[in-house]
Amino acid sequence: MTAVKNVLVSGASIAGPALAHWLGRRGVRAVVLEKAPARRTGGYAIDLRGKAVDVAERMGVLDGVRAAGTEIAGARMVGADGRTRAALGTGLIAPEDRDLEILRGDLVTLLHEAAPDAEYRYGDSITALEDRGDRVAVEFASGAAEDFDLVVGADGLHSHTRALAFGPERPFRRFLQSYVSIATVPNRLGLDREAVLFNTPGRVAALYHTPRAAGAKALLLHRTGTETDIDRRSPAEQRAHLREVFAGTGWETDRILADFEDTDDFYFDSVTQIRMPTWSKGRVVLLGDAGYCPSPMSGQGTSLALVGAYVLAEELAARDEPEAALTAYERRMRPYAEANQAIAAPGLDFIAPATGFAIKARNALLKSGPLLRLLSRFDSKLSRAAEAIDLDAR
Ligand SMILES: Cc1cc2nc3c(=O)[nH]c(=O)nc-3n(C[C@H](O)[C@H](O)[C@H](O)COP(=O)(O)OP(=O)(O)OC[C@H]3O[C@@H](n4cnc5c(N)ncnc54)[C@H](O)[C@@H]3O)c2cc1C
């Protein structure tokens with residue numbers, strides 16, 4: 001049994017509470033730190049696919065996930081006139097019972113409820129980490145200081161724990177040459193449990209509705225040849241950038257741009273992966289997007305976070321030496337993480353084809369028979385990647 005009895009987890013979104021659940025079940029103390037002042041429950045629709053569905057079942061949250069499903073029954077690709085060019089039903093990418101969709105906030109709530117023994121600390125952040133061999137000395141922004149057996153960075157794509165332990169993000173970033181923004185907007189089209197996508201070359205504007213949230217969610221994604229610092233600028237500059245890219249492109253884009261001006265949950269970021277040669281250093285380890293973000297284009301970030309938490313807790317419980325457990329966690333998780341990172345590029349080609357010809361080809365494929373679709377690169381690669389780990393192979 002492990003010598004790890006007292007763990008600090010930075011980040012209380014998906015990966016953090018999922019790990020706290022497994023640690024709590026084994027009697028390990030988990031302190032979960034979150035820089036936001038309270039639980040963050042907003043957000044977009046996320047998928048749980050393949051082996052992550054099994055992990056949710058083992059956690060006892062699967063019924064809750066199913067009950068909180070977005071109920072989005074399919075997606076339509078439309079032209080500038082709003083007329084449907086192609087449609088996509090559920091169960092295309094993976095069988096329906098292996099592909100669940102839930103709002104991020106609903107999943108966060110379920111995961112928090114599944115880790116009742118964890119000690120959540122909001123509005124605080126790590127300021128310094130010192131690995132002393134047998135423990136990590138941590139200092140907090142609040143002024144407190146405490147020692148832990150292990151520190152886990154579950155603090156997302158722009159992980160602060162990673163910056164403290166491994167240095168700046170830049171060498172680990174893999175920019176997928178696109179930017180994405182999403183926000184809640186009025187449901188002006190009266191959509192009912194469906195998603196609608198409008199493409200122009202290298203751009204997609206999408207709206208979707210779920211009865212689980214007020215209004216509709218709007219997403220704007222565009223490709224770019226060059227990386228700029230727009231993702232680190234102010235929301236006002238980001239909105240201006242979106243107007244430059246999308247204004248006048250057709251369908252609902254101008255209304256989405258106008259709605260983005262006064263929405264209070266505006267999200268904007270680059271589409272980026274994190275690729276690191278190693279996920280741990282001494283007694284500091286990265287989990288979920290912090291260590292191996294696959295980007296929203298893979299649709300597998302949540303699944304990686306859930307499965308990663310399961311594997312990390314299992315390896316910690318099975319080994320005396322934390323370093324050996326962290327090595328085993330990485331050995332088991334890395335092929336799965338890499339397989340899911342590899343589907344982001346075809347995912348981007350699917351959602352935002354780069355040329356007019358590619359948009360037509362994608363729509364033609366969607367109109368073709370199921371067998372042909374199954375053979376298409378994206379579907380089969382994604383469903384294989386989602387299953388690409390044996391949860392019992394210890
Ligand atoms: C637009 C969009 C669409 C997406 N769609 C999908 C999808 O369809 N399917 C899918 O599987 N995934 C999707 N994802 C990805 C998914 O949201 C992430 O992969 C997943 O949330 C990763 O969980 P995480 O817990 O590792 O990190 P995050 O969810 O990013 O959580 C990190 C947490 O750490 C906190 N934090 C940050 N800094 C600090 C600090 N210094 N101290 C303490 N706490 C801190 C943050 O506030 C946050 O609560 C999408 C992402 C985006 C942005």
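Treat the numbers as computed from the prediction; the structure is a model and nothing was measured.
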Please step through side chain to side chain donor-acceptor pair (under 3.5 Å) for the pair His158 and Asp289, ending with a clear verdict. CA-CA 8 Å; His158 304 298; Asp289 274 8; over 6 Å; no
Candidate pair Leu189 and Leu207, rule side chain to side chain contact (heavy atoms under 4.5 Å, CB included), full reasoning: CA-CA 9 Å; Leu189 295 182; Leu207 285 164; 3.9 Å; yes
Take Asp99 and Arg49, measure what salt bridge (Lys or Arg N to Asp or Glu O under 4.0 Å) needs, and give me the verdict at the end. CA-CA 4 Å; Asp99 186 359; Arg49 258 191 222 105; 3.3 Å; yes
Mind running salt bridge (Lys or Arg N to Asp or Glu O under 4.0 Å) on Arg243 and Glu261 for me, showing each step along the way? CA-CA 10 Å; Arg243 286 196 300 276; Glu261 292 298 313; 2.5 Å; yes
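Side-chain atoms of Glu146 and Phe140, non-hydrogen and from C-beta on, do get closer than 4.5 Å to each other. The side-chain heavy atoms of Val196 and Tyr208, taken from C-beta on, include no pair separated by under 4.5 Å.
With sequence neighbours left out, Arg233 forms a side-chain contact (heavy atoms from CB on, under 4.5 Å) with Asp229, Ile230, Glu237. Not counting sequence neighbours, Gln177 has no partner by the side-chain hydrogen bond (donor to acceptor under 3.5 Å, both in side chains) test.
In the hydrophobic clustering of ILVMFWY residues, with side-chain heavy atoms under 4.5 Å counting as a link, Tyr292 and Val311 come out together. Each of Leu103 and Ile46 belongs to its own hydrophobic cluster when Ile, Leu, Val, Met, Phe, Trp and Tyr are linked at side-chain heavy-atom distances under 4.5 angstrom.
One distance of note links CG of Leu197 with CD1 of Ile359; it measures 11.0 Å at 0.5 Å rounding. Ile389 contributes atom CD1, which lies 9.5 Å from atom OH of Tyr310 (distance to the nearest 0.5 angstrom). Here the NZ-OG1 distance, from Lys217 to Thr210, works out to 9.0 Å after rounding to the nearest 0.5 Å. Of the inter-residue distances, the one linking Leu107 atom CG with Leu48 atom CG reads 6.0 Å to the nearest 0.5 angstrom. Taking CD1 of Ile126 as the start and CZ of Phe148 as the end, the distance is 8.5 Å to the nearest 0.5 Å. Atom CG in Leu129 sits 9.0 Å away from atom OG in Ser10 (nearest 0.5 Å).
Heavy atoms from other residues, nucleotides or ligands lying under 6.0 Å from CG of Asp265 number more than 12. A 6.0 Å sphere centred on CZ of Arg58 holds more than 12 heavy atoms belonging to other residues, nucleotides or ligands.
The cationic group of Arg334 lies under 6.0 Å from the six-membered ring centre of Trp279 and within 45° of the ring axis, placing it in a cation-pi geometry. In this structure, Arg239 satisfies the cation-pi test against Phe266, with its NZ or CZ atom closer than 6.0 Å to the six-membered ring centre and inside 45 degrees of the ring normal. Geometric assessment of Lys281 against the ring of Phe166 yields a positive cation-pi assignment under the 6.0 Å and 45° thresholds.
In this structure a side-chain-to-backbone donor-acceptor pair under 3.5 Å is missing from Asp106 to Ile102. With hydrogens and angles ignored, the 3.5 Å screen pairs no side-chain donor or acceptor of Arg332 with any backbone N or O of Glu330.
The shortest heavy-atom contact between Val61 and Ala114 is CG1-CB, 3.8 Å.
A salt bridge links Asp259 to Arg188: at least one charged side-chain nitrogen sits closer than 4.0 Å to a carboxylate oxygen.
In this pair, Tyr179 and Phe175 present their aromatic rings tilted. The plane angle is within the 30 to 60° band.
Ring-centre distance between His241 and His222: below the 6.0 Å cut-off.
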